[in-house]
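Shown next, in structure tokens, is the structure this report addresses.
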Amino acid sequence: MPRLPRAFFARPTLVVARELLGQRLVCLRNGRRLSGLIAEAEAYIGENDLACHARVGRTPRNEVMYGPPGYAYVYFTYGLHWMLNCVTERDGFPAAVLLRVIVPDGGVEIMRRLRGQAPEARLANGPAKLTQALGIDGELDGHDLCARGAKLFIERAALPPDSRIIARPRVGLGDTPEPWKSKAWNFRWLISD
DNA sequence: AGCACGATTAACT
DNA sequence: GTTAATCGTGCTC
């Protein structure tokens with residue numbers, strides 16, 4: 001299957017977040033292939049978005065978000081969790097899509113080893129579970145998802161129809177001010193009937 | 001140098 | 001519904 005090229009990510013973040021649904025996230029780990037279909041993603045767009053890490057301006061932590069599209073922005077939070085994002089838009093504009101949920105479809109036994117016993121559907125149904133299931137941590141911050149030989153990339157797969165996608169407010173924003181807190185920038189693929 | 005808190009999760013009541 | 005775990009980051013002093 002072809003991999004998503006940089007041009008895919010070099011577009012408005014809301015479009016990228018929406019079109020990442022259904023695509024296959026792949027991580028190559030010790031020669032093994034771990035993968036899953038992206039089922040939930042959400043957009044963080046620029047310094048004006050008060051929920052985005054770029055709200056404080058350019059810092060060492062969010063530096064990758066300011067760079068060119070098609071790179072992984074991986075950050076650490078809550079003292080124990082890693083989060084995986086895909087950088088979007090043009091070089092110099094800080095924006096990214098947080099990958100929140102994948103449905104495992106390859107390398108499930110290895111994911112179970114990394115995550116512990118869990119039903120397949122709950123192996124990677126959260127942003128921190130996803131990174132744990134794939135063995136992703138800060139070493140992949142700044143990784144080029146579009147490079148030949150990338151360890152982490154996204155394969156083209158079928159795009160879900162609009163009727164199976166819902167948009168809702170982003171998760172876990174706490175005291176983020178309006179209107180940012182309520183913007184429906186989280187996209188979810190309704191898989192089950 | 002010190003501090004409050006976070007794009008979360010699992011294990012509780 | 002509530003809470004502890006746990007530490008890098010950015011802000012204040």
Side-chain angles (χ1 to χ4, degrees), chain A residues 9 12-21 23 25 27 34 36 38-67 69-89 93-104 111-143 145 152 154 165-189:
Chain A
F9 299 97
T13 308
L14 293 176
V15 174
V16 175
R18 159 68 179 76
E19 295 191 7
L20 276 173
L21 298 182
Q23 312 308 301
L25 177 65
C27 186
L34 312 182
I38 298 169
E40 185 178 327
E42 62 190 27
Y44 290 87
I45 313 174
E47 295 180 345
N48 292 333
D49 174 6
L50 295 184
C52 181
H53 286 168
R55 65 184 176 275
V56 296
R58 192 189 283 245
T59 68
R61 181 203 206 191
N62 63 30
E63 175 67 27
V64 174
M65 264 206 299
Y66 282 81
Y71 284 74
Y73 168 44
V74 182
Y75 70 88
F76 186 72
T77 191
Y78 290 109
L80 62 165
H81 297 311
W82 294 99
M83 304 282 147
L84 171 63
N85 301 253
C86 303
V87 175
T88 59
E89 314 251 2
F93 184 87
V97 173
L98 171 67
L99 302 185
R100 292 188 56 88
V101 176
I102 62 171
V103 178
M111 291 190 200
R112 242 189 262 285
R113 198 182 313 152
L114 291 165
R115 273 272 300 142
Q117 280 302 316
E120 198 165 311
R122 292 188 185 174
L123 227 36
N125 65 335
K129 299 181 195 177
L130 183 160
T131 55
Q132 192 181 358
L134 297 182
I136 292 169
D137 63 20
E139 289 199 5
L140 284 175
D141 187 35
H143 190 73
L145 305 172
L152 186 64
I154 300 174
I165 292 175
I166 58 173
R168 27 168 225 169
R170 292 172 289 181
V171 176
L173 264 42
D175 294 325
T176 298
E178 300 290 0
W180 310 107
K181 186 181 169 84
S182 296
K183 296 226 178 259
W185 288 356
N186 172 292
F187 299 90
R188 191 167 183 173
W189 175 20

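Residue numbers start from 1 in every chain, and the chains themselves are labelled A, B, ... in the order their sequence lines are given, proteins ahead of strands.
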- Query: Taking Thr131(A) for the side chain and Ala128(A) for the main chain, is one N or O donor matched with an acceptor at less than 3.5 Å?
  - Reply: yes

All N/O contacts under 3.5 Å from nucleotides 7-13 of chain C to the protein, with atom names and distances to one decimal?
from: dG10(C); atom 1: OP1; to: Thr59(A); atom 2: OG1; distance (Å): 2.2

Between His53(A) and the options Tyr75(A), Tyr66(A), Phe76(A), the ring-ring contact (aromatic ring centres under 6.0 Å, His included) test singles out Tyr75(A)

Quick note, side-chain hydrogen bond (donor to acceptor under 3.5 Å, both in side chains) partners involving residues 117-128 of chain A, not counting sequence neighbours, are Asn125(A)-Lys129(A)

Separation of dT6(C) atom C1' from Tyr75(A) atom OH, nearest Å, is 16 Å

To the nearest angstrom, the CG-C1' distance between Asn85(A) and dG6(B) comes to 14 Å

| said: Can a donor-acceptor pair be found, under 3.5 Å and without considering hydrogens, that links the side chain of Arg112(A) to the backbone of Ala118(A)? | reply: yes

Heteroatom pairs (N/O) under 3.5 angstrom, protein to nucleotides 9-13 of chain B:
from: dT9(B); atom 1: OP1; to: Pro127(A); atom 2: N; distance (Å): 3.0
from: dT9(B); atom 1: OP1; to: Ala128(A); atom 2: N; distance (Å): 3.1
from: dT9(B); atom 1: O4'; to: His81(A); atom 2: NE2; distance (Å): 3.4
from: dA10(B); atom 1: OP1; to: Arg115(A); atom 2: NH1; distance (Å): 2.8
from: dA10(B); atom 1: OP1; to: Arg115(A); atom 2: NH2; distance (Å): 3.4
from: dA10(B); atom 1: OP2; to: Lys129(A); atom 2: NZ; distance (Å): 3.3

Between NZ of Lys181(A) and P of dA7(B) the distance, given in whole Å, is 11 Å

Checklist line | Sidechain N-carboxylate O distance under 4.0 Å for Arg61(A), Asp141(A) | finding: no

I'd like to know if the side chain of Glu89(A) and the backbone of Thr13(A) have a donor-acceptor N/O pair within less than 3.5 Å.
yes

Residues at least two apart in sequence or cross-chain that pass ring-ring contact (aromatic ring centres under 6.0 Å, His included) with Trp180(A), listed by chain then number, are none

message = Check whether Asn186(A) reaches the backbone of Ala167(A) with its side chain - one donor and one acceptor, N or O, closer than 3.5 Å.
response = no

Between the main-chain N or O of Gly174(A) and the side-chain N or O of Lys181(A), is there a donor-acceptor pair closer than 3.5 Å? yes

Between CG of Asp175(A) and P of dA4(B) the distance, given in whole Å, is 16 Å

In whole angstroms, the gap separating C1' of dA7(B) from CZ of Arg55(A) amounts to 9 Å

Residue set satisfying side-chain hydrogen bond (donor to acceptor under 3.5 Å, both in side chains) with Arg18(A), at least two apart, ordered chain then number -> Asp162(A)

Is Glu42(A) reaching over with its side chain to a backbone N or O of Arg100(A), donor-acceptor style, under 3.5 angstrom?
no

Stem ranges of DNA chain C by first residue number, counting only runs of at least 3 Watson-Crick or G-U pairs under 3.5 Å, come to B:1-6 with C:7-12, B:8-12 with C:1-5

